[in-house]
Amino acid sequence: MRLALQTDPRRGDEQSESALVEAAKRGSKEAVEELIARSWPDVHRAAFLIVQDRGAAEDIAQETFLAAIDSLERFDRRRPLRPWLRRIAVNRALDHMKSAPRVREVSSELLPEGHAGGPDAELSDEVLVALGKLDPQERALIVYRHLWGYGPSEIATNLEISTGAVRTRLHRALAKLRDNWTNEGETK
Amino acid sequence: MKRDPIRTLLQSASIPRSEAAMLRTTQLAVGRISQPIGAPRPRAGRPTGRRGWPALPRLSPAWRAGVLASVGLLTALSFTPPGRAATGWVGGLVGIGEVGGPPSVQARFGDSAAFPDQVVIATGTASGDAYELSTFDAGSRWGTCFELNFPDLPREHGAVRCISDQPLGGGVNGFSVAANDGDGASNYHPNDGTWTTPALGIISSDVAGVRVTYDVQGAQRVVELEIASLPKSVRKKGAGSAALQAAFFFLPQYVANADSATVTTYDSQGNEIGQSSEPDLLNLARCQRGLDCPNK
């Protein structure tokens, strides 16, 4: 059987991220702007899915990038930037939730126009409501596992818990998500 | 191509627009970059390990006990009615087989009729790709086999490992990684530019934990492996060997030229019971013969 190797069709983009990091370290404003533009949607979405508060999600995303900028001189540019940013963002979101009200319903004011939770609300908004009934760490587990596709070992490293705990809690979180979803459908 | 439906829902969920916040953040970040070298900056973020990577959790007795309890609990949950329903729901969502049931991908050699006892013992996702780990008895020539397959990807992205003689206690029967025999190929994820390479090994039943340490470009990586044991239903069916388990993990990169790799196994008390260290332990494919290895 032949050796199944693949070339990287985005090798150019990977190298440019490395170059952007190096340029940002040297003080390039354009490099900073580009790095933030590339990763902001990913970081902000994850923050919102966990904290489910518009203002808090923006603050967390901002803190994430500013923390990264402050630590950039120690960052190894050969490594991809995004996993590092993601970890900072999730940790910040969980910190925020520790000091925030325990349970927060996703209110219609938080959703963009046209997705106000009425009969025409898209299925994807139901996931926000169902997610909102989980505790913050459970939301973080689902973000890591399903939004980003991390494995249990990676999640365990990032959340500083055991791999077994990741599996157990994720299994529980998905079961609760299913129950919340089913109940949500029944009340409509 | 089947995708993780939960991922699709999370990606398409309606979240508030944040362009203004992004612009503010960019302005602040540019301002910080523009500060003179040596100017004091407020420290932000959590302490991280060397080279910007997070510090790894240390193995502690409580952790080891927790891992074992959790694995046992998960196995039990898979076979109680509510747990099975949840597993089925999750399995149905991601389009893969259920633990204890038939796989959605046939065995790599022969046809499925030749291995009617092939059964799934673990499922999950790796960087968004659903995988299923199955086991079957491949007869006297190949012995007990474990296969790691990705139902949504071409066959070469999976890995298989067979053993006809049981390894010594605490031992690891090598790893199938990165196309040493045409499987275990790395998978590229275009939406975030990352790679995933599966590694699959066989361990004896007395092993409760496995840690792999390997070097990539001079940087040390440490991975705690997933361990999949044969569920009760598999033992009842007689498929596979109860004295064997599968240990697997996913390298977060393309085929890597590991300078050295060390595999350490632990028993249920957290005691080290075996260690192997060889340049070629993981049988990682080498970037030779003019082949392109972007993340060597």
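Just so we're on the same page: letters track the sequence lines, and every chain starts at 1.
Shown here for B:A29 and A:I69, the closest heavy-atom pair between the two residues is CB-CG1, 3.9 Å. Considering every non-hydrogen atom in both B:S14 and A:L128, the closest pair reads O-CD1, 3.2 Å.
Within the 3.5 Å criterion, the main-chain N or O of A:L147 finds a donor-acceptor partner in the side chain of B:R7. Side-chain atoms of A:R167 never come within 3.5 Å of backbone atoms of B:E226 as a donor-acceptor pair (strictly under, hydrogens ignored).
With sequence neighbours excluded, no residue forms a side-chain hydrogen bond (donor to acceptor under 3.5 Å, both in side chains) with A:R45. For B:Q27, there are no side-chain hydrogen bond (donor to acceptor under 3.5 Å, both in side chains) partners two or more places apart in sequence or in a different chain.
Proximity of A:S153 to B:F249: side-chain heavy atoms (C-beta onward) are nowhere separated by under 4.5 Å. Side-chain contact between A:L131 and B:L10: present, with at least one pair of heavy atoms (C-beta onward) separated by less than 4.5 Å. The shortest distance between side-chain heavy atoms of B:M22 and A:H44 does not fall below 4.5 Å. Annotation: side chain of A:T163 is not in contact with side chain of B:L225 (no heavy-atom distance under 4.5 Å).
Contact count against chain B (heavy-atom pairs under 4.5 Å) is highest for A:P152 among A:A57, A:P152, A:A68. Taking chain B as the reference chain and counting heavy-atom pairs below 4.5 Å, the highest number among A:E33, A:E58, A:R145 is found for A:R145.
For A:S28, the part sitting under 4.5 Å from any heavy atom of chain B is the backbone (N, CA, C, O) and nothing else.
Between the OG1 atom in B:T8 and the NE2 atom in A:H146 there is a gap of 11.5 Å [rounded to 0.5 Å]. The structure places CD of A:E63 at 11.5 Å from CG of B:L28, a figure rounded to the nearest 0.5 Å. A distance of 10.0 Å separates CG of B:L23 from CD1 of A:I36, quoted to the nearest 0.5 Å.
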Inset, instruction - Could you please spell out the steps behind the side chain to side chain donor-acceptor pair (under 3.5 Å) verdict for A:W40 and B:T25? - result: CA-CA 10 Å; A:W40 178 273; B:T25 301; over 6 Å; no

